[in-house]
Every structure is written in C-alpha cells, then in structure tokens.
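Structure first, commentary second.
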Amino acid sequence: MVTQRKVIAVDGLAGSGKTSIAKAVAARLGFAHLNTGLLYRSVAWLILKYGINPEVEAGIGDLLRAHTIELRLDPQRGGRAIVDGHDVTDQLQKPEVSQATSQAAQFRTVREALHATQRNAFPGNNLVAEGRDMGTVIFPDAELKLFIEVNEQVRIERRLKQLGLSIPADEAGQARLKEQIRMEIIERDRRDESRSLSPTLAAADAVRIDNSLDPLEKVVGQICSIWGTRQASKF
Ligand code: DC
C-alpha cells in the first residue's frame with residue numbers, strides 16, 4: 001500500500017510572515033518545512049554567478065540543464081539549498097539575489113524545472129510547504145491550504161525593520177519614508193499577483209489566515225487546531 005504523505009500548503013505575498021508561520025507549524029506537528037523560495041533563489045544565485053542575463057529565458061534554461069539544484073534536510077538547520085553539491089543557503093538573502101529571483105520566477109522554463117524538485121522534496125516526510133503556488137499548482141491535493149494575509153500598515157513596519165533603515169526624527173520625514181515603502185510593496189504585489197504563470201493567489205479551497213495582529217504562537221495554535229479538526233473529521 002502506498003502511504004501518501006500529508007501536506008499543508010502555505011501561500012501568501014511577500015512580508016505576510018508566512019515563513020515564520022510555516023516553520024513554527026512544521027516544528028509543532030513534526031513535519032518538514034519546505035521553503036520553495038530557496039529553490040527560486042538558487043536559480044538567481046546561478047544566474048548571478050555565471051553572469052547570465054536574467055531577462056533571457058533561453059539562457060536560463062541552458063544554465064539549469066548544466067547545473068543541479070536540490071534541497072536537503074539538515075536535522076539542526078532545516079532545509080538547505082544545494083547547488084552542484086555545495087550548500088549556498090547563506091548566500092541567498094542578498095538584495096541582488098532577491099531582485100534576480102523575482103525576474104527568473106516569471107519564466108515557464110524555471111517554474112517547470114523546479115516543479116518535480118518541490119513535489120519530491122524531503123521524501124518520507126510530511127510537509128509544511130511554503131511559497132506562492134503551493135495550494136494552486138505544486139500541491140493541489142494538499143489536505144490543508146492556507147493563504148496568509150496581513151494589513152498594509154504591518155507590512156510597512158516589517159519591511160522597514162527588514163531594511164534596517166534609520167527612521168527620520170521628524171514626522172514629515174517618517175511619512176515620506178513610509179509612503180516610499182508602501183509604493184514599493186504595492187509594486188511588488190502587482191508583479192506577484194499579475195504574472196501570467198502561477199500568480200500569488202489563494203486557492204479556492206484555501207483558509208485565509210489574518211496575520212496582522214495576533215502573536216505568532218496564537219496564529220500557529222489556530223492553524224494546528226484547524227489541522228487537528230480536519231484530521232479528526234476523517235475518522
Ligand atoms: O519567499 P521568498 O521571498 O524566498 O521568494 C523569493 C522569490 O521567489 C519571490 O520573488 C517569489 C518567488 N517564488 C515564487 O515565485 N514561487 C515560489 N513557490 C516561491 C518563491
């Protein structure tokens with residue numbers, strides 16, 4: 001008998017807090033945390049390393065055929081991105097990598113090349129799979145699908161913290177900076193939600209989770225209780 005592993009799909013826009021949520025839910029349930037952004041970031045890392053034009057799909061296709069990208073589960077540190085046998089995880093959060101990732105993630109060649117790697121990652125483990133199209137494309141059969149949402153104000157504050165910018169002392173300066181960040185978020189969302197392949201959208205059967213106000217433990221508790229109820233209702 002083939003035992004199908006259990007999958008919780010977690011999707012959401014940038015800055016929604018889905019990584020913290022996915023990691024904590026996985027730890028609580030004893031599932032592996034599959035962060036698919038690491039795979040897209042690895043593609044961008046290769047693009048930058050070999051000086052490939054991130055806007056030319058054919059060149060990226062050649063690059064992907066010549067190199068290997070995989071995920072390995074480290075018992076202490078979780079999922080690691082392995083490119084041509086080397087662990088590159090710690091190099092993947094640089095701004096230039098993020099920038100090239102969002103360009104490369106639009107291409108069919110890239111999305112198709114990573115499809116099976118995501119589907120087959122961490123064999124034998126139940127998964128909390130996090131990304132942009134987990135519930136819609138990669139794990140349409142997931143037992144639970146979540147779409148994480150957060151209000152604009154919270155995302156602006158989080159992005160400010162992430163960028164580590166010094167906050168102007170005067171109110172007008174603060175307002176200008178916040179407006180700048182707000183425009184950046186709107187533009188990024190527009191790109192993510194409107195791309196023709198795998199746009200970031202909630203699956204029709206996804207549970208929407210508001211991550212604006214409650215502390216992480218509360219949100220994680222809420223999700224684990226939804227999971228528990230779903231599992232119990234199967235018997
Ligand atoms: O989640 P993240 O910030 O690590 O994602 C980095 C980029 O990869 C972002 O531009 C969206 C893209 N991505 C994607 O298109 N599909 C995924 N499943 C995961 C990430």
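All heavy atoms count here, side chains included; hydrogens, waters and symmetry mates do not. Given the structure is predicted, the values throughout are model-derived calculations rather than measurements. Indexing begins at 1, ligand by ligand and atom by atom, following the structure's order.
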Ion pair check, [X] and [Y], cut-off under 4.0 Å:
X: Arg182; Y: Glu184; answer: no
X: Arg132; Y: Asp192; answer: yes
X: Asp74; Y: Arg80; answer: no
X: Glu130; Y: Lys23; answer: no

Could you pull out the N/O contacts under 3.5 angstrom between ligand 1 and the surrounding protein atoms?
{"unit_1": "ligand 1", "atom_1": "1 (O)", "unit_2": "Arg132", "atom_2": "NH1", "d": "2.9"}
{"unit_1": "ligand 1", "atom_1": "3 (O)", "unit_2": "Arg41", "atom_2": "NH2", "d": "3.1"}
{"unit_1": "ligand 1", "atom_1": "4 (O)", "unit_2": "Arg41", "atom_2": "NE", "d": "2.8"}
{"unit_1": "ligand 1", "atom_1": "15 (O)", "unit_2": "Arg111", "atom_2": "NH1", "d": "2.9"}
{"unit_1": "ligand 1", "atom_1": "15 (O)", "unit_2": "Arg111", "atom_2": "NH2", "d": "3.4"}
{"unit_1": "ligand 1", "atom_1": "15 (O)", "unit_2": "Arg195", "atom_2": "NH1", "d": "3.2"}
{"unit_1": "ligand 1", "atom_1": "15 (O)", "unit_2": "Arg195", "atom_2": "NH2", "d": "3.0"}
{"unit_1": "ligand 1", "atom_1": "16 (N)", "unit_2": "Arg111", "atom_2": "NH2", "d": "3.0"}
{"unit_1": "ligand 1", "atom_1": "18 (N)", "unit_2": "Thr36", "atom_2": "OG1", "d": "3.0"}
{"unit_1": "ligand 1", "atom_1": "18 (N)", "unit_2": "Arg132", "atom_2": "N", "d": "3.3"}
{"unit_1": "ligand 1", "atom_1": "18 (N)", "unit_2": "Asp133", "atom_2": "OD1", "d": "3.3"}

Could you please spell out the steps behind the side-chain hydrogen bond (donor to acceptor under 3.5 Å, both in side chains) verdict for Gln106 and Glu57? CA-CA 9 Å; Gln106 302 175 48; Glu57 186 168 6; over 6 Å; no
Arg72 versus Phe122: any side-chain heavy-atom pair under 4.5 Å? no
